[in-house]
S.K.: 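Before I ask anything, here is the structure I am working with.
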Amino acid sequence: MNAAEMVEVVLPGKVEPEGLEVRQGPVPAAGRGQVVVRMEATGVSFAEQQMRRGRYYDQPPFPFVPGYDLVGTVIETGDGVAPGLAGTRVAALLKVGGWAAHVAVDAADVVPVPDGIGAAQAETVVINGITAWQMLHRKARVRAGQTVLVHGANGGVGSVLVQLAHAAGVRVIGTASARHHATLREAGVMPIDYRTENIPVRVRELAPGGVDAVFDHVGGRSVIDSWQLLAPGGTLVSYGSASTRDDEGSKQWPVLKLLARVWLWNALPNRRRAYFFNVWAGRALTPSRFRARLRNDLTEVFTALHRGDVTMEVSWSCNDPSLNCLLHMVG
């Protein structure tokens with residue numbers, strides 16, 4: 001690959017991982033208000049796995065380049081962008097396009113990565129971290145001394161939720177399979193085996209008055225149980241429908257059902273509230289506010305990572321610049 005070429009990984013259709021295609025082409029140029037980022041780390045998340053199966057709520061038509069987020073270094077700035085941004089390591093939330101050696105991004109959408117945080121380390125908390133932070137602090141607005149329930153406490157988002165909650169002085173109950181319980185206990189979580197235990201009964205034993213917040217990515221019946229486990233004044237934050245990931249038919253229907261439930265619950269005088277969290281909410285209507293919030297919250301996550309409140313594991317990585325392999329980030 002010469003200096004005038006780059007490489008990207010293309011999702012051509014509904015394929016197994018080995019069906020991904022590698023495509024070469026020219027390095028993009030920075031347009032007005034844009035920067036070109038040389039990718040140093042990207043990730044494989046639940047979103048890309050669902051996109052590969054054609055099951056992600058608002059994915060673009062095939063073929064396209066996946067990659068929900070990335071971390072890399074700015075190598076070129078376009079007109080209207082401060083030239084001093086060149087050489088800066090930044091993170092960007094993209095939804096698609098991150099599985100490429102070089103990506104053109106609006107300069108307003110990149111967030112500087114603080115010194116002392118490596119690219120792979122920073123990548124582990126871009127989408128997972130911003131999701132966890134905003135659900136915890138902007139939606140649930142947790143306070144020290146409260147108790148929360150985190151479904152999938154060992155997962156990418158769940159593990160960040162657990163750590164940020166503890167940093168805020170919050171008590172955590174977490175669901176996970178039994179093999180993760182020892183690790184969760186070491187992290188101060190009260191674990192529940194979602195495969196063998198009755199989750200509502202067990203939560204009531206641990207929090208008789210209900211919990212102050214539930215973070216539910218499971219959907220289906222789980223989100224109803226989660227709502228019923230809330231204490232007065234509590235908050236349910238639903239952010240997915242993993243229980244329907246293998247369903248056939250409309251990929252929008254599970255999300256629409258969740259939205260309808262949330263609307264109905266909030267319309268009732270029940271002293272609780274519910275949200276369906278979408279990290280992109282507000283981007284189209286108030287882009288400047290959206291970007292300011294994203295920059296502030298991701299900077300908070302990076303600060304937590306730097307001081308050790310959050311630690312994440314890179315499960316597998318490589319430094320091959322041809323993108324023959326990708327960085328797989330997990331909690």
Side-chain angles (χ1 to χ4, degrees), residues 6-25 28 37 39 41-72 91-106 109 123-132 134-135 152 155-158 160 216-220 238-259 276-281 283-284 294 314-318 323-331:
M6 74 152 200
V7 65
E8 57 191 5
V9 177
V10 179
L11 185 54
K14 297 179 184 180
V15 297
E16 295 302 314
E18 56 269 21
L20 293 168
E21 298 175 357
V22 176
R23 181 171 65 193
Q24 290 187 350
V37 179
M39 190 273 287
T42 186
V44 181
S45 69
F46 179 77
E48 286 95 2
Q49 295 175 40
Q50 289 298 88
M51 288 179 189
R52 180 178 59 78
R53 302 172 62 251
R55 298 294 302 170
Y56 193 73
Y57 177 74
D58 59 351
Q59 69 186 75
F62 298 115
F64 64 93
V65 177
Y68 215 94
D69 55 14
L70 63 79
V71 172
L93 198 62
L94 305 170
K95 189 178 288 187
V96 294
W99 291 3
H102 301 83
V103 181
V105 186
D106 286 348
D109 288 330
E123 166 59 23
T124 63
V125 295
V126 181
I127 182 57
N128 290 339
I130 197 69
T131 298
Q134 292 187 345
M135 291 196 302
V157 174
V160 186
D216 189 310
H217 71 295
V218 183
S238 171
Y239 65 106
S241 185
S243 64
T244 63
R245 65 183 178 184
D246 296 323
D247 290 358
E248 299 297 329
S250 170
K251 59 179 177 285
Q252 286 87 11
W253 181 237
V255 175
L256 293 175
K257 284 202 298 185
L258 279 171
L259 289 170
F276 182 79
F277 178 80
N278 176 9
V279 72
W280 301 102
R283 187 186 191 194
L294 178 68
V314 181
S315 68
W316 180 79
S317 65
C318 73
L323 285 184
N324 287 331
C325 48
L326 296 166
L327 291 175
H328 186 183
M329 308 299 180
V330 298

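Basis for what follows: all heavy atoms, side chains included, without hydrogens, waters or symmetry-related copies. Just so you know, these numbers come straight off a predicted model, no measurement behind them.
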S.K.: Would you call Arg52 and Glu16 a side-chain contact if the rule is heavy atoms closer than 4.5 Å?
M.R.: yes
S.K.: Hey, mind stepping through Asp109 and Arg283 against side chain to side chain contact (heavy atoms under 4.5 Å, CB included) and telling me if it holds?
M.R.: CA-CA 11 Å; Asp109 288 330; Arg283 187 186 191 194; 3.6 Å; yes
S.K.: If you count every heavy atom of other residues, nucleotides or ligands that lies below 6.0 Å from Trp253 atom CH2, does the total exceed 12?
M.R.: no
S.K.: If you look at every heavy atom in Gly98 and Met39, which pair is closest and at what distance?
M.R.: O-CG, 4.0 Å
S.K.: Nearest heavy-atom pair of Phe62 and Met51: which atoms, and what distance?
M.R.: CZ-O, 3.4 Å
S.K.: If you measure from CG on Asp216 to CG on Leu258, what distance do you get to the nearest 0.5 Å?
M.R.: 8.0 Å
S.K.: So which atom in Pro66 and which in Glu48 form the shortest heavy-atom distance, rounded to 0.1 Å?
M.R.: CB-CG, 4.0 Å
S.K.: What's the shortest heavy-atom distance between Ser241 and Pro254, and which atoms?
M.R.: OG-CB, 3.6 Å
S.K.: Quick check for you: to the nearest 0.5 Å, what is the distance between Leu70 atom CG and Ile127 atom CD1?
M.R.: 12.0 Å
S.K.: For Val126, does its backbone N or O pair with a side-chain atom of Asp69 as donor and acceptor, under 3.5 Å?
M.R.: no
S.K.: Going by the side-chain contact (heavy atoms from CB on, under 4.5 Å) test, name the single residue among Leu20, Leu11, Val22, Val7 that passes it with Trp99.
M.R.: Leu20
S.K.: Which heavy atom of Gln134 sits nearest a heavy atom of Val279, and at what distance?
M.R.: OE1-CG2, 4.2 Å
S.K.: Where is the tightest heavy-atom contact between Val103 and Ala100, given as atom of each residue plus distance?
M.R.: CG2-CB, 3.9 Å
S.K.: Where does the angle between the aromatic ring planes of Trp280 and Tyr68 fall among parallel (under 30°), tilted (30 to 60°) and perpendicular (over 60°)?
M.R.: tilted
S.K.: I'd like to check Gln59 versus Val96 (side-chain heavy atoms, cut-off strictly below 4.5 Å). Are they in contact?
M.R.: no
S.K.: Will you find, in the side chains of Gln50 and Arg53, an N or O donor that is under 3.5 Å from an N or O acceptor?
M.R.: yes
S.K.: Counting C-beta onward and ignoring hydrogens, is there a side-chain heavy-atom pair between Pro60 and Lys95 closer than 4.5 Å?
M.R.: no
